[in-house]
Amino acid sequence: MSENDPYSSAVRRLFADTAHAGRLAGGRSVRLDRQGVRIALWMTLDGTRIEALRYQAWGCPHLIAASEAFCRDYEGRPVSELGGFNAQSLMQSLGIPVEKTGRILVLEDAVRSLGT
Amino acid sequence: MSENDPYSSAVRRLFADTAHAGRLAGGRSVRLDRQGVRIALWMTLDGTRIEALRYQAWGCPHLIAASEAFCRDYEGRPVSELGGFNAQSLMQSLGIPVEKTGRILVLEDAVRSLGT
Amino acid sequence: MSERTVYLDYAATTPVAPKVAELMTRLLTSGSDFANPSAVHPAGRRAQALVATAAGQLADLLNCDPQQLIWTSGATESNNLAIIGAARYRQKRGRHLVSMPSEHKAVRDVLRALERDGFELTWLAPDESGRLNPESLKNALREDTQLVSIMAVNNETGVVQDIEQLGQLCRDADVLFHVDAAQAVGKLPLDLAAMPVDLLSLTAHKFYGPKGIGALYINERPGCHIEPLFFGGGQQRRRRPGTLPVPMIAALGCAAELAKGRIPADLKHLESLRDQLWQGIRNLDGLRLNGDPEHSFPGILNVSVDDVEGESLLLAMEPVCVATGSACNSQDREPSMVLRSMGRSDAAAQSAIRFSYGRQTRSADIEFAVGHYIQAVERLRALAPGQAA
Amino acid sequence: MSERTVYLDYAATTPVAPKVAELMTRLLTSGSDFANPSAVHPAGRRAQALVATAAGQLADLLNCDPQQLIWTSGATESNNLAIIGAARYRQKRGRHLVSMPSEHKAVRDVLRALERDGFELTWLAPDESGRLNPESLKNALREDTQLVSIMAVNNETGVVQDIEQLGQLCRDADVLFHVDAAQAVGKLPLDLAAMPVDLLSLTAHKFYGPKGIGALYINERPGCHIEPLFFGGGQQRRRRPGTLPVPMIAALGCAAELAKGRIPADLKHLESLRDQLWQGIRNLDGLRLNGDPEHSFPGILNVSVDDVEGESLLLAMEPVCVATGSACNSQDREPSMVLRSMGRSDAAAQSAIRFSYGRQTRSADIEFAVGHYIQAVERLRALAPGQAA
Ligand SMILES: Cc1ncc(COP(=O)(O)O)c(C=O)c1O
Ligand SMILES: Cc1ncc(COP(=O)(O)O)c(C=O)c1O
Ligand code: FES
Ligand code: FES
């Protein structure tokens, strides 16, 4: 059945447990409305380290899963690493189909502008 | 099943029991090759009464059944009645489809020329 | 079956009725009823008798002459055969055709293909409840109009068109009237003897028959003929050749007979499910019914909500099986043409969920679905950024 | 079944294999495997998995990629889709097509329809044994030739063409090669990976699958594409829309898998039946084999006799079920085009009887048929007036 499932098990797991959905008071935030999707990211810092990340997203399950994955990954890492966030490699590790690239690139743009 | 059967039960019965198939020595005979079918009729007379009738036929089951029916019908009748033989009414009584009219008319022609 | 699912996608396809499955099983395992009905030998004649019985059963359901029915592989083929076949047959008289943007793709895309071949199309938009105003059809008919195609029951919304009235307008103007009745046959009473319909498409799998068999009704009268799409053996008076799939045809016939006896009871059951569903969800903030409460097949309920994306909603509702848009375009994610033609925004169309249910659906299934729907909507709303920052 | 019949018309259609019937029964009665495989919900994905399995099984039988297969309603549709679809796709390059008068009507009549639309046809007659001389194909190919259609196994005579050699000539000339393999798939080994074939039609009911489902193999490569015949939902990448009939597709897959394991044993069985039949009737006066003893599928034996009319012979042979000509034209009684193209006279063609047998046929059935055939011929001969008075 997995070969017919449009969602990888990673995407399903992330979509089912969106622990990082929400907002943060204080800190930086960015919001993008593009390509028919909407993404907002919030970040608080502990010096140059990312203390917490939250997101809100309107879009398909892949976009939500990617946003959740990004938050899980980057909490605790130096803020300088945000510039290295790469949508394509995240898509690969989550098994997101290439047709969705346009939308996941919106997440990439949001992440990068969060880092600058 | 009968509604799908291209052959009426009368045609089936006559085709299965072709007692009058064959030839007769002496008497009159007629043969027609037409419309892709072949019919031969033989008749012996007892005065003006038909003593015996025989046929040979090459054609579809309807033609064979009609030939057999004709022989059964007319044995013992005055030879003058041959002129009244009517293919159409025989077709009706045997349930022969109208598409076959052309071929059964060959039988009619043969019968009528036997009577003259 | 690995997980519990609640199947509320009867408009996409229904399970096969037990009686129909039994008949097919009997025919598929029979050593004597499997022959080719074109053969004149005894086995062929038995097969032919089964086909004749099925034609009688379907004709009985529709109140038409069995001779007016052609077997096809389903409503997609029936629609193609009806529309392309009739348009080509009549193209010397004129090349203008009329339909609606809310038709199923198996009508819309056929008409678009004819447009590329030089036919001229007029697309009549429905009102915001999904219905066609007869006046607008009347105004669209021209001297050179040859065919009007309007569906009986919309597959996404369940909206029912006034086929009698629309058909009469066509009849008065000497225009052929095709009805895609894939979602109506076996579900709503239809009396073709009393209806001004020339061509009508149906498919068995929408009313508890198997997938892969359908029919086209052709009201053969002067001017109402079709050119075939396929060529081959002489089957079906050359209008649709190919070996007749006897067990499938017999199954369609059986499903038709079953339906005939059950339509009133089925409708009552569906109405009660629809009412339960609607009561369960109607108070959700921003909920909107896509359809016409007055003129609807009760087996379909289509709703949109604000601020929720359809694909995510579908996944969040699992294991409830519902549809966004029609099943055929579930794979390409463009917002529903049906809903946009009713004036819905892209966002509203994208959030639309079609609940469709049937004979096997129980009240507990609806209750389960209501809970999952509300929970999923609330969760995804909490997840979405506000409309403007 | 009211009377004993001996069914020797397997070339018209076969009974469904018990394993295939079992699978269909299971799917038709399953409460969870009936969904529309286009739907993305869990029930839809289960249905999609069944389709994927079937595509794998059929691809395995043919040694091709499952992606190269399209589901259709049978070989008639596959032939139409292949020939019309490819001819239209390539018509800007040229409009010359090549085929044989001994093809099945579902090829011949399609080509004739294209002829009416302005395509130019070259018909290559077989030799008197029914085979095509590769030289004559080579000579027929022109600059503007786009498609050659030659069947693998003839449905009336069982004659097998040299598909590899004919296909190679097409490949060398950059011409598409379509093969109607309705009588070959599941019966003779075919290795599409090793064969220069571009389009290949098949139908399940000729190899113990159900009627109403078939497939078209498309060797997609530059220049080898088809335009669709139908328009509708996006199924099958738009090349053939319509809800996929999952139980039928699964049944085709199952029949393919079964066949793959059985072809050698099936062939051995058929050869022994054919030898018994031939030994039984060969000494009949004026008997003539219609076919090529060297290059034949052993499941079909076609013979003519002098001075006997086919329709009467068929009736006289009851309850043995055989065919005169192919089943599709059993209802119009024109003498077989296949046999006339092999140089047989109208009379010889009209007296032709096709015996075709299969897995369930026993030696006793053949013995019964031999007796009935000889008796019927002798009886009808006695009944016929001599050739010239
Ligand atoms: C309104 C309508 N028309 C046509 C079709 C096509 O039917 P099928 O997939 O059986 O060809 C469907 C269902 O898919 C439908 O809902
Ligand atoms: C050689 C050949 N081609 C095509 C067909 C058509 O197949 P179907 O009737 O399944 O469409 C048949 C059988 O009828 C056949 O024997
Ligand atoms: S956001 Fe809609 S496709 Fe991913
Ligand atoms: S004689 Fe051939 S059709 Fe009757």
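Chain letters run A, B, ... following the sequence lines, proteins first and then strands; every chain starts at 1.
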(message) Looking at C/Glu115, I'd like to know if its CD atom is crowded, meaning that more than 12 non-hydrogen atoms belonging to other residues, nucleotides or ligands lie closer than 6.0 Å.
(response) yes

(message) I'd like to know whether CD of A/Glu81 has more than 12 heavy-atom contacts from other residues, nucleotides or ligands below 6.0 angstrom.
(response) yes

(message) How long is the straight-line distance from OG of C/Ser312 back to CZ of A/Phe15, given to the nearest 0.5 Å?
(response) 4.5 Å

(request) Verify the distance criterion only: is there a donor paired with an acceptor across the side chains of A/Tyr7 and C/Glu311 at less than 3.5 Å? (result) yes

(message) Just verifying a value: how many Å separate A/Glu68 CD and C/Leu383 CG, rounded to the nearest 0.5 Å?
(response) 8.5 Å

(request) For the residue pair C/Gln350 and A/Trp58, establish whether any side-chain heavy-atom pair is separated by less than 4.5 Å. (result) yes

(request) Pick one of side chain, backbone, both or neither for C/Arg379, based on which atoms fall under 4.5 Å of a heavy atom in chain A. (result) side chain

(request) Pick one of side chain, backbone, both or neither for C/Ala382, based on which atoms fall under 4.5 Å of a heavy atom in chain A. (result) backbone

(message) Minimum heavy-atom separation for C/Leu315 and A/Pro61, please, with both atom names.
(response) CD2-CB, 3.5 Å

(message) Please give me the minimum heavy-atom distance between A/Arg31 and C/Pro385, naming the atom from each residue.
(response) NH1-CB, 3.4 Å

(message) Sort by residue number and list every residue of residues 105-116 of chain A having at least one heavy atom under 4.5 Å from chain C.
(response) none

(message) For chain C, which candidate among A/Ala21, A/Ser67, A/Ala57, A/Ala40 shows the most heavy-atom pairs at distances under 4.5 Å?
(response) A/Ala57

(message) Taking atom CD as the centre, does C/Gln375 end up with more than 12 heavy-atom neighbours from other residues, nucleotides or ligands that are less than 6.0 angstrom away?
(response) no

(request) Indicate yes or no: does C/Glu318 engage A/Arg12 in a salt bridge with an N to O separation below 4.0 Å. (result) yes

(message) Using the side-chain contact (heavy atoms from CB on, under 4.5 Å) criterion, which residues pair with C/Ala113? Sequence neighbours excluded.
(response) C/Arg116, D/Phe231

